[in-house]
There are 2 protein chains.
Amino acid sequence: MADTSTGNVLSANCPSRAALEVVGSKWALLIVPLLARQPLRNNELLRQVGGISQKMMTQTLRELERHGLVQRTDHQTVPPHVDYQLTELGRSLSEALVVVDRWAERHYPAVASARMAFDRRR
Amino acid sequence: MADTSTGNVLSANCPSRAALEVVGSKWALLIVPLLARQPLRNNELLRQVGGISQKMMTQTLRELERHGLVQRTDHQTVPPHVDYQLTELGRSLSEALVVVDRWAERHYPAVASARMAFDRRR
DNA sequence: CAGCATCCGGGTTGATACTG
DNA sequence: CAGTATCAACCCGGATGCTG
């Protein structure tokens with residue numbers, strides 16, 4: 001809904017905001033970089049990402065597929081063999097996320113100590 | 001970080017993962033870029049970000065402060081005047097987020113059409 | 001192996017009212 | 001203006017069991 005009355009810079013339907021929802025997902029942020037390295041199967045993803053349930057994995061992958069970031073390929077075999085890889089669009093996103101990842105790695109110590117200092121204060 | 005016992009690439013206590021949680025927050029992704037342009041007060045933030053409640057605003061700002069990304073300044077006046085600005089750390093993050101924001105803007109049409117195509121299929 | 005259906009407990013969020 | 005308190009609603013996400 002367009003919000004011309006309040007002068008919002010970021011109204012609820014702001015285009016980029018919709019796209020950002022994908023990024024806002026906790027797991028998508030972890031899965032996309034993984035797939036950037038190579039296509040993976042469901043089980044491999046489950047193993048490489050710690051602490052995610054099968055349910056959330058499927059859910060997240062569907063969402064990524066829905067947004068055109070991931071390509072799902074069912075090889076139609078028995079037993080089933082399905083793998084996931086980034087689309088062109090997904091690869092372009094992963095390049096942007098790499099920057100964030102690098103930030104996280106480089107600045108993790110600063111974030112951690114800030115948090116500890118803050119918590120000690122309370 | 002490596003988890004030698006399970007072979008996880010991304011174990012639950014991976015350092016960068018902790019830092020990524022900040023980014024994973026729906027609202028932080030919107031607030032940080034806003035503050036990158038200029039310091040803002042509580043009410044201004046509420047106005048500029050559409051659809052966020054006072055509660056979530058306070059909560060998110062506290063979290064950002066806790067992680068050393070935002071500096072809260074209480075001018076100790078009546079009526080109250082408090083403003084928020086990015087710290088050095090926060091500015092460095094915002095630079096990384098700018099890349100993601102640009103991605104969102106540029107690729108929003110592709111994401112949107114992918115979603116519509118996918119949904120039509122169901 | 002991939003993944004859906006179901007149940008359900010707990011954390012998150014919004015609405016409202018109130019304080020300094 | 002900035003923020004807290006409280007409560008109820010909601011949805012996320014895990015666990016389990018089952019199917020092709």
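Since the structure is predicted, the reported quantities are computational estimates derived from the model, not experimental observations. Letters A, B, ... mirror the listed sequences (proteins, then strands); counts begin at 1. Hydrogens, waters and symmetry mates play no part in the numbers below; they use all other heavy atoms, side chains included.
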Can you pull every protein N or O that's under 3.5 Å from an N or O on nucleotides 11-15 of chain D?
from, atom 1, to, atom 2, distance (Å)
D:dG13, N7, A:Lys55, NZ, 3.0
D:dG14, OP2, A:Ser53, OG, 2.8
D:dG14, O6, A:Lys55, NZ, 2.2

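- One interatomic measurement links the two molecules: CG of B:Leu45 to C1' of D:dA2, which rounds to 12 Å at whole-angstrom precision.
- In 5' to 3' order, the nucleotides of DNA chain C bounding all contacts with chain B (an atom under 4.0 Å from a heavy atom) are C:dT13 to C:dG20.
- The salt bridge (charged side-chain N to carboxylate O under 4.0 Å, His left out) test applied to B:Arg66 returns A:Asp119, B:Glu63, not counting sequence neighbours.
- If you chain together hydrophobic residues whose side chains sit under 4.5 Å apart, B:Val98 and B:Tyr108 never meet in one group.
- Sequence neighbours left out, not one pair with a member in residues 73-85 of chain B passes salt bridge (Lys or Arg N to Asp or Glu O under 4.0 Å).
- A rotation axis mapping the C1' atoms of four pairs onto the next four is fitted at both ends of the helix from C:dC1-D:dG20 to C:dG20-D:dC1 over five pairs, and the angle between these axes is 50° to 10 degrees.
- With sequence neighbours excluded, the residues forming a side-chain contact (heavy atoms from CB on, under 4.5 Å) with B:Val100 are A:Leu20, A:Val23, A:Ala96, A:Leu97, A:Val100, listed by chain and number.
- Residues passing the side-chain contact (heavy atoms from CB on, under 4.5 Å) test with A:Arg91, sequence neighbours excluded: A:Leu86, A:Glu88.
- Between B:Arg41 and D:dA2 there is a side-chain polar atom (N or O) within less than 4.0 angstrom of OP1 or OP2.
- Considering only residues two or more places apart in sequence or on other chains, B:Glu95 meets the side-chain contact (heavy atoms from CB on, under 4.5 Å) condition with none of them.
- Among pairs with a residue in residues 109-118 of chain A, none fulfils salt bridge (Lys or Arg N to Asp or Glu O under 4.0 Å), at least two apart in sequence or across chains.
- To the nearest 0.5 angstrom, B:Leu64 atom CG is 8.0 Å from B:Leu35 atom CG.
- Under the 4.5 Å side-chain heavy-atom criterion for Ile, Leu, Val, Met, Phe, Trp and Tyr, A:Ile52 and A:Leu40 are members of the same hydrophobic cluster.
- Alongside B:Val99, the hydrophobic cluster contains A:Val99 (criterion: ILVMFWY side chains under 4.5 Å).
- Taking CD1 from A:Ile31 and CE from A:Met57, the interatomic distance works out to 4.0 Å, rounded to the nearest 0.5 Å.
- At whole-Å resolution of the value, CG in B:Leu61 and P in D:dG3 are 8 Å apart.
- Atom CD of B:Glu44 is separated from atom C1' of D:dC1 by 11 Å (rounded to the nearest Å).
- The OG atom of B:Ser94 sits 10.0 Å away from the CH2 atom of A:Trp103 when rounded to the nearest 0.5 Å.
- Residues satisfying the side-chain contact (heavy atoms from CB on, under 4.5 Å) test with A:Ala114, not counting sequence neighbours, are none.
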Below 3.5 Å is the cut-off: list the nitrogen or oxygen pairs between protein and nucleotides 18-20 of chain D, distance only.
none

